[in-house]
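Basis for what follows: all heavy atoms, side chains included, without hydrogens, waters or symmetry-related copies. Each chain gets a letter, A, B and so on, in the order its sequence line appears, and its residues count up from 1.
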Number of protein chains: 4
Amino acid sequence: MPATDLPAAPAQPAKRGRPRSAEADEAILTAALTLVTEVGIGGLSMDDIASRAGVSKATIYRRWESKEALILDALNSGLGRYEPVDTGSVLGDLRTYIGTIAEKLRNGAKTRDLIPHLIAAATSNPALEPALDDYSRIRTQPLRELFERAVRRGELPADTDVTIAIEMFLGAMSHRRLFSDSVYDGADAERLVTYVLRALSAGE
Amino acid sequence: MPATDLPAAPAQPAKRGRPRSAEADEAILTAALTLVTEVGIGGLSMDDIASRAGVSKATIYRRWESKEALILDALNSGLGRYEPVDTGSVLGDLRTYIGTIAEKLRNGAKTRDLIPHLIAAATSNPALEPALDDYSRIRTQPLRELFERAVRRGELPADTDVTIAIEMFLGAMSHRRLFSDSVYDGADAERLVTYVLRALSAGE
Amino acid sequence: MPATDLPAAPAQPAKRGRPRSAEADEAILTAALTLVTEVGIGGLSMDDIASRAGVSKATIYRRWESKEALILDALNSGLGRYEPVDTGSVLGDLRTYIGTIAEKLRNGAKTRDLIPHLIAAATSNPALEPALDDYSRIRTQPLRELFERAVRRGELPADTDVTIAIEMFLGAMSHRRLFSDSVYDGADAERLVTYVLRALSAGE
Amino acid sequence: MPATDLPAAPAQPAKRGRPRSAEADEAILTAALTLVTEVGIGGLSMDDIASRAGVSKATIYRRWESKEALILDALNSGLGRYEPVDTGSVLGDLRTYIGTIAEKLRNGAKTRDLIPHLIAAATSNPALEPALDDYSRIRTQPLRELFERAVRRGELPADTDVTIAIEMFLGAMSHRRLFSDSVYDGADAERLVTYVLRALSAGE
DNA sequence: TACTAAACGAGACGGTACGTCGCGTCTTGGG
DNA sequence: CCCAAGACGCGACGTACCGTCTCGTTTAGTA
């Protein structure tokens with residue numbers, strides 16, 4: 001079961017029998033992704049995914065050990081990654097970041113419940129933690145690079161706690177989105193950027 | 001279905017037929033609350049709640065239109081509210097706040113998946129939004145008062161954006177908890193408080 | 001609880017409190033009778049009867065101890081009794097009888113399942129036996145009189161077993177109706193009459 | 001849904017997917033049959049049948065569309081068929097028949113309500129008619145053979161209406177059983193046989 | 001070329017929970 | 001004491017998914 005093995009073990013030499021269909025892999029992920037945006041994660045059933053993918057349920061369970069594992073993989077695979085832009089300054093970088101994310105959120109339908117649901121799933125099933133970690137890392141990585149670059153540039157103090165910085169910035173955005181289903185935008189976005197940068201600025 | 005009507009519509013005075021049992025109300029909420037902490041939200045069934053409360057399922061469904069609506073109400077009713085302490089300074093207030101919350105989270109078992117799950121539910125069922133709003137308001141209110149008091153004291157600028165302040169502070173805490181299942185504590189907690197206060201301090 | 005007490009006990013002298021509404025009695029019976037012909041006995045619910053009669057369920061249960069008891073009473077009350085005609089001969093009497101019944105059956109809709117259902121109910125609830133006996137007696141009485149008159153006339157032997165005669169005649173009609181939902185008619189009716197009369201004729 | 005297809009449509013040969021378990025079929029029918037004799041048809045629940053058969057409810061509903069359809073099949077499958085004995089004369093045959101049936105009825109518990117209940121069910125659900133017809137045919141077939149043999153022997157007239165004969169004989173027995181829960185026996189049985197044979201004897 | 005072993009689609013399987021319905025009883029306020 | 005309204009505990013209903021398990025059928029690599 002995948003869920004995180006991108007480096008994939010190329011170990012076992014002797015492969016006998018019919019190999020797994022790569023098309024099935026893709027069809028399943030695509031079907032899952034499509035359906036999750038159509039009906040939300042609550043209205044999602046394995047039978048539906050299977051029939052939409054033209055695949056049997058057994059074929060799915062041969063690859064993923066649970067519904068949640070599949071969904072996490074589907075999301076991690078389908079996620080349009082954020083390609084960080086180096087604008088030359090933290091301020092510019094953050095502005096660009098928040099703008100891009102905001103736009104992405106406004107266009108992506110039915111996804112508000114995704115993360116919550118997956119966290120809920122991971123909570124009750126430890127096997128999903130790695131996939132959830134991946135998910136988290138993929139989302140925070142660009143911000144981490146962004147802040148670390150700023151430190152290297154000397155824009156932020158050397159002892160900047162990047163983790164907390166990310167959590168403040170991303171956390172604020174998530175909190176607003178989760179509880180009010182709205183998105184940081186315009187003046188608010190600008191103010192959040194200002195606040196965060198001021199927070200990180202050299203103390204006294 | 002309740003879910004938020006504490007102010008309750010005093011509209012129609014003419015109540016006919018046998019009135020709803022207040023004991024049933026309470027028994028159900030208590031049972032739901034107990035079970036949710038015992039088995040988590042995923043392992044929760046209406047049959048279990050009903051039997052634990054000594055009540056029939058029909059009696060539950062007469063009051064709440066779905067499992068999630070019930071749980072939201074149960075949480076809102078059973079929530080030990082945070083009683084904000086006025087230490088005389090924002091710094092002290094925030095330190096006290098984060099300490100109290102951290103302790104509460106460490107002791108409360110099985111609750112990491114609660115909020116996510118409920119948000120997920122609210123997403124797919126608009127009828128739950130009010131209850132979710134209540135939930136959010138109850139949690140953010142103490143922080144709001146805390147920050148507003150600081151503004152009145154003159155510790156923070158008059159144009160402080162309290163909403164964003166809350167989102168940064170609470171968002172950071174939530175983000176860490178949700179994705180890493182750990183809690184702001186010790187030096188980290190101190191640094192978060194410092195960062196947030198510096199963010200809000202008069203610009204320039 | 002009635003179910004059979006048409007002679008009604010005029011016993012108890014001291015009546016206290018509000019007397020039972022005679023209108024309710026009738027409304028209930030009428031509603032039950034109407035509904036039973038509309039939706040059949042299977043689709044019948046006490047709530048429906050109550051609401052159709054403009055009466056509360058408690059009012060019904062104050063009078064009858066169960067759904068089946070009510071239905072039996074409703075049927076016994078609503079049954080258009082067969083008024084036996086004395087044509088002067090058994091042959092004529094039986095011909096008239098079978099003709100009348102056949103016509104009645106052809107016109108009465110949704111009633112095929114009534115008797116079976118009631119027997120089923122009576123089987124599992126001994127309290128209904130008297131009402132079922134009434135039901136049976138009301139249906140068999142005309143035939144009994146018919147045969148006894150024939151014996152008095154000398155058309156049939158003095159030792160004629162009237163009970164068996166009735167069972168053969170009525171049983172044949174019921175059997176056909178229950179298992180094939182058809183009705184004795186025309187030549188078949190004539191032949192049945194012939195057979196039965198021949199059966200009862202003096203042996204040897 | 002079976003219900004009657006013993007000749008089974010050999011139509012589509014292409015069977016895909018896991019085939020239905022024959023053991024489940026049998027376990028379900030057996031469980032239904034056992035339970036029906038234990039608790040009667042009224043006290044019968046699908047959950048009980050399922051658990052007794054070690055089967056899930058879904059498995060039952062995959063095969064039969066309703067409780068009644070299942071019961072009909074169970075009865076038709078489990079029915080100890082009457083093995084007609086050729087005693088050499090109608091008189092002997094009928095005596096043997098009535099004796100055997102009477103004994104069977106006296107021993108079979110809780111079955112008085114079966115036929116009525118099933119007829120009631122069939123009335124409101126046309127899909128059950130075939131199964132009910134089977135039921136009826138299985139019960140009447142021995143009698144039909146018995147009478148036809150008598151005609152071939154010359155004991156009964158060539159124009160004997162066998163259907164009516166059956167209805168008179170079986171109808172009388174059913175009628176007594178249904179309305180009085182008693183069984184033809186001894187002198188009564190003898191008289192019924194006599195009456196029926198006399199009814200069928202050459203007229204005039 | 002045949003053999004073998006795994007993957008495939010279809011769909012049945014045992015479970016668990018769902019939300020609904022009807023029963024017969026109980027509890028209001030009001031005749 | 002009756003009544004209409006309607007809530008109540010109970011127990012069964014039939015459905016929906018879960019994740020697993022056969023089936024008969026491809027589809028490779030190996031012999």
Choose from [options] the nucleotide whose nearest atom is closest to any side-chain atom of [X].
| X | options | answer |
| --- | --- | --- |
| A:R20 | E:dA7, F:dC8, E:dA12 | E:dA7 |
| D:Y61 | E:dC18, F:dC3, F:dG14 | F:dG14 |
| C:T59 | F:dA4, F:dC18, E:dG19 | F:dA4 |

So do [Y] and [X] actually touch side chain to side chain, heavy atoms under 4.5 Å?
| X | Y | answer |
| --- | --- | --- |
| D:D73 | D:R63 | no |
| B:E26 | B:L29 | no |
| B:L70 | B:K67 | no |

Is [X] side chain donor-acceptor paired with the [N] base, going by distance under 3.5 Å alone?
| X | N | value |
| --- | --- | --- |
| A:R18 | F:dT26 | yes |
| A:K57 | E:dG11 | no |
| C:S56 | F:dA4 | yes |

Legend entry - Heavy-atom pair of closest approach, residues B:L33 and B:A74: CD1-O, 3.6 Å
For [N], take OP1 and OP2 only and decide whether either is under 4.0 Å from a side-chain N or O of [X].
| X | N | result |
| --- | --- | --- |
| A:R16 | F:dG29 | no |
| A:R62 | E:dC8 | yes |
| B:K67 | E:dC18 | yes |

Inset, instruction - Using the closest heavy atom to pick a nucleotide of DNA chain F for each, name whichever of D:D48 or C:G54 lands nearer the 5' end. - result: C:G54
Legend entry - Given DNA chain F, 5'-ward residue of the pair B:A58 and D:A58, judged by closest heavy atom: B:A58
Legend entry - Given DNA chain E, 5'-ward residue of the pair B:S45 and A:P19, judged by closest heavy atom: A:P19
Legend entry - Residue whose closest nucleotide on DNA chain E lies nearer the 5' end, D:A24 versus C:L44: D:A24
Inset, instruction - Using a heavy-atom cut-off of under 4.0 Å over every strand shown, decide if B:S66 touches base, sugar-phosphate, or nothing. - result: nothing
